[in-house]
Enquirer: 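One structure, as structure tokens, below. Some questions next.
Whatever order the structure lists ligands and atoms in, that order sets their numbers, starting from 1.
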Amino acid sequence: MSLTSLPVSTLGVPRIGPRRELKLALEAYWSGKSDAATLLQAAARLRAENWARQKALGVTNIPSNDFSLYDHVLDTSVMVGAIPDVYGWTDGPVPLDTYFAMARGSQGGGHSDTCSHGCTAHSHGVPALEMTKWFDTNYHYMVPEFTTGQQFRLASIKPIEEYLEAKALGYETRPVLLGPVTYLKLGKSKDPSLDPLSLLENLLPVYVEVLERLAANGATWVQVDEPCLALDLDETARAALRTAYGLFAKQVPQLKVMLTTYFGGLDDNLGTALSLPVAGLHLDLVRAPEQLEATLAKAPSDLVLSLGVINGRNVWRANLSQILDRLEPIVAEHGAERFEIAPSCSLIHVPIDLELETELDPDVKEWLAFAAQKIGELSVLGKALAGGRQTVAQQLTASTKAAERRTTSAKVHDVAVAARIKAVSPEMTRRFGSFAERSRLQRAALNLPLFPTTTIGSFPQTEDVRKARAAHAKGALSIVDYKAFLRRETEAAVRWQEEIGLDVLVHGEFERNDMVQYFGERLAGFAFTKHGWVQSYGSRYVRPPILFGDVSRPAPMTVEWWRHAQSLTQKPIKGMLTGPVTILNWSFVRDDIPRALACRQIALAIRDEVRDLEAAGAKMIQIDEAALREGLPLRQADWKTYLDWAIESFRLAASGVADTTQIHTHMCYSEFNDILDAIAVMDADVISIETSRSKMELLDAFRTYKYPNEIGPGVYDIHSPRVPSVEEMARLLSLARERLSDRQLWVNPDCGLKTRKWEEVRPALVNMVEAARQLRASVAEAAE
Ligand code: GLN
Ligand code: ZN
């Protein structure tokens, strides 16, 4: 019998619900407005809908256990009983509240303490597990915490329960597990000498038990995710993979494993992957298309290959005929039974359904595909590859037409932008004078005290600010009244900063919803969705802007706010912008031009804004690059290329000003010892960074590496509601002075204050100003 379709897999679909049903259910439960049964029912309904939707769209390998109430890495920790003692679990099923305590900490507070993207911390009570980014995505997972001699045992049978739940509804599913090696590699221990991989032997019996129970209940295939295969692996990790999959094949031979790798190519791990006794291997053919031939050349002839040809990391509609041109000869040569069709990775990184976007520009909408549309594309490919293109002729024509229109659209291609890009010269990425020269001029022009004090940009986004914004969005507050309200907020913030004696003021960013969205909405080339939510962590979802066309800046974006703030004071107000790399990294980007080029276009637009601020009189302009580090490629070999164009873009944005104009930048993370050189190459006159949580440990790097320019190591941890004392901040400053010269040192918090309350911010900043004052006094005394 000939196939009507190649098997189609999705590898996992969004959990959050098309209308954010999961968020609503979770938050109702957390706030005590609903009970556990209600939450679990809502979750079951979402799973059932996902299975139904996939079935209806023609998916053959429907996944189960891809759902999670919070995070699948946390689910895995709970499954294997890796629950740190503080959570008080000893035996039996893990209570829901223990699970949420691990996710959010136990006294409610949880993840409310976040800066605009990513930086997080937890409030008192039992702390949450640490959280960090899942590979190079904006999805955050809860970091497994291991102890020396850690024992594991089966503490949750969620994979089996969800497999049976699907079965009861009539769906035969392929359960998804996070593989043991990736799981361990994502974990950490308080004991730095513990290599998590050394726990493999303790862990594997639990996995074997899960696999056995799945098989006993009727599962024939299981999807095991080992995205660590896309990373640089050492021999220990490779050996761990061989041990794990060797054991599974031996102990549970009746269960076939589809080993999935994604977010990159196998490269030097290809031999390892192919040596594992698994029945199937999934390849990310979007990030690494070339690995298909290499894999086919070496793979055993009975290995099923899952072809990840639809981009699971981006929102573009595929050009299906082009994909078929490439796959048809391969399928013809090797036989249809060798292949499955899949997205490059699980679909949790894209929004759910484009059909909900009724207000998107119809041209742009035609070029997009969200999860539901991508599943449709997979099914078209599956049919075309089994039954021939004529079985899906209409869909293929539509796809080709859309691709053609996108390639030629004037909304995408702007000749003026192309001309500007062509005219970019190396001089445009260099300041006129050296840092030493600029610094001399800036000192004379700015007349700042030693250890100048400032903040990172935003002030608390209070209930009032959010209400006014919502009212304006709904049409209940006119633009005139809304702006008047924002001007009053700005004025109050400026007056208060003057009053407490800060040296360099900010306008407070009250007009900004989000540091990327605000700029995206004012730049040509970006589109925004109404329902395009993607899970960032737990119940926190984001709607990334969609960069679809050449970028330009039709009009100044921030000058009006800066001018208003500066009109109120003699003290300098810093202009406040988001940098090109951060705008790029927090958006869905084009797949028709290189990232580097898109970044350069954004850089030119920001450069225009920088110059307009300077022309308006700004003496200092801050260009935030909060997301520079997270754009680092997964493989170290690719870092340099990325850093080269990223830093060049920053410099292009920053270098259009006179030497007297002081350029600041800000980065809110502390792990950049490995990119310090690149940060110095940015050549910002002043950089503010996060250090307070690591007690200036970061600055150790500066002991060996002499950072040349000025720097403000954050002395106030804004991720916590705690108000730091004068002594505490003075102590941090004296630590900083051991590593930096006095003339280099600025005094500031470690990130923007938008998520804090004024009651916390006021005393904290008063203390911070006092700490700087004391330091100045002691330096003056020592000089006498
Ligand atoms: N200027 C921004 C703010 O203060 C910076 C935010 C960030 O780095 N995440 O909010
Ligand atoms: Zn920050």
Enquirer: Quick check on contacts: which atoms of ligand 1 are under 4.0 angstrom from a heavy atom of M576?
Expert: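 Numbered from 1, ligand 1 contributes 1 (N).
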Enquirer: Can you check whether D624 has an N/O within less than 3.5 Å of an N/O in ligand 1?
Expert: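 Checking ligand 1 against D624, an N or O pair does fall under 3.5 Å apart.
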Enquirer: How about H507 and T490: does a side-chain donor come under 3.5 Å of a side-chain acceptor?
Expert: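 Note: H507 and T490 side chains miss the donor-acceptor criterion.
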Enquirer: Please identify which atoms of ligand 1 are closer than 4.0 Å to at least one heavy atom of G457.
Expert: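 Near G457, meaning under 4.0 Å from one of its heavy atoms, ligand 1 has 4 (O).
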Enquirer: Cut-off 3.5 Å, side chains only: do T453 and D503 have a donor facing an acceptor?
Expert: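 A donor-acceptor contact under 3.5 Å links the two side chains.
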Enquirer: Considering the heavy atoms of G752, write down every atom of ligand 1 situated less than 4.0 Å from one of them.
Expert: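 Every atom of ligand 1 under 4.0 Å from some heavy atom of G752: 3 (C), 4 (O), 10 (O).
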Enquirer: Kindly report the SG-the Zn ion (ligand 2)-NE2 angle for C668 and H666 respectively, rounded to 10°.
Expert: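 Reported to 10°, the angle equals 120°.
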Enquirer: What atoms in ligand 1 come closer than 4.0 Å to a heavy atom of C751?
Expert: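 Here the atoms of ligand 1 in question are 7 (C), 8 (O), 9 (N).
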Enquirer: Using a strict threshold of under 4.0 Å (side-chain N to carboxylate O), is an ion pair present between E727 and R731?
Expert: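 Looking at E727 together with R731, the answer is no, because their closest N to O distance does not fall below 4.0 Å.
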Enquirer: Going by side-chain hydrogen bond (donor to acceptor under 3.5 Å, both in side chains), R438 matches just one of T661, D659, T660, D685. Which one?
Expert: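 Of T661, D659, T660, D685, side-chain hydrogen bond (donor to acceptor under 3.5 Å, both in side chains) with R438 is met by D685 alone.
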Enquirer: If we set the cut-off at 4.0 Å for heavy atoms, which region of E509 has an atom near ligand 1: side chain, backbone, both, or neither?
Expert: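 For E509, the contact with ligand 1 is made by the side chain alone.
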Enquirer: Among C668, S458, A626, which one puts a heavy atom closest to atom 3 (C) of ligand 1?
Expert: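 Checking each option, the heavy atom nearest atom 3 (C) of ligand 1 is found in S458.
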Enquirer: Taking the basic N atoms (NZ, or NE/NH1/NH2) and the acidic carboxylate oxygens, is any pair closer than 4.0 Å for E609 and R553?
Expert: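 Answer for the salt bridge query: yes.
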Enquirer: Answer yes if the side chains of R540 and H140 hold a donor-acceptor pair under 3.5 Å, and no otherwise.
Expert: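 No, no side-chain donor-acceptor pair sits under 3.5 Å.
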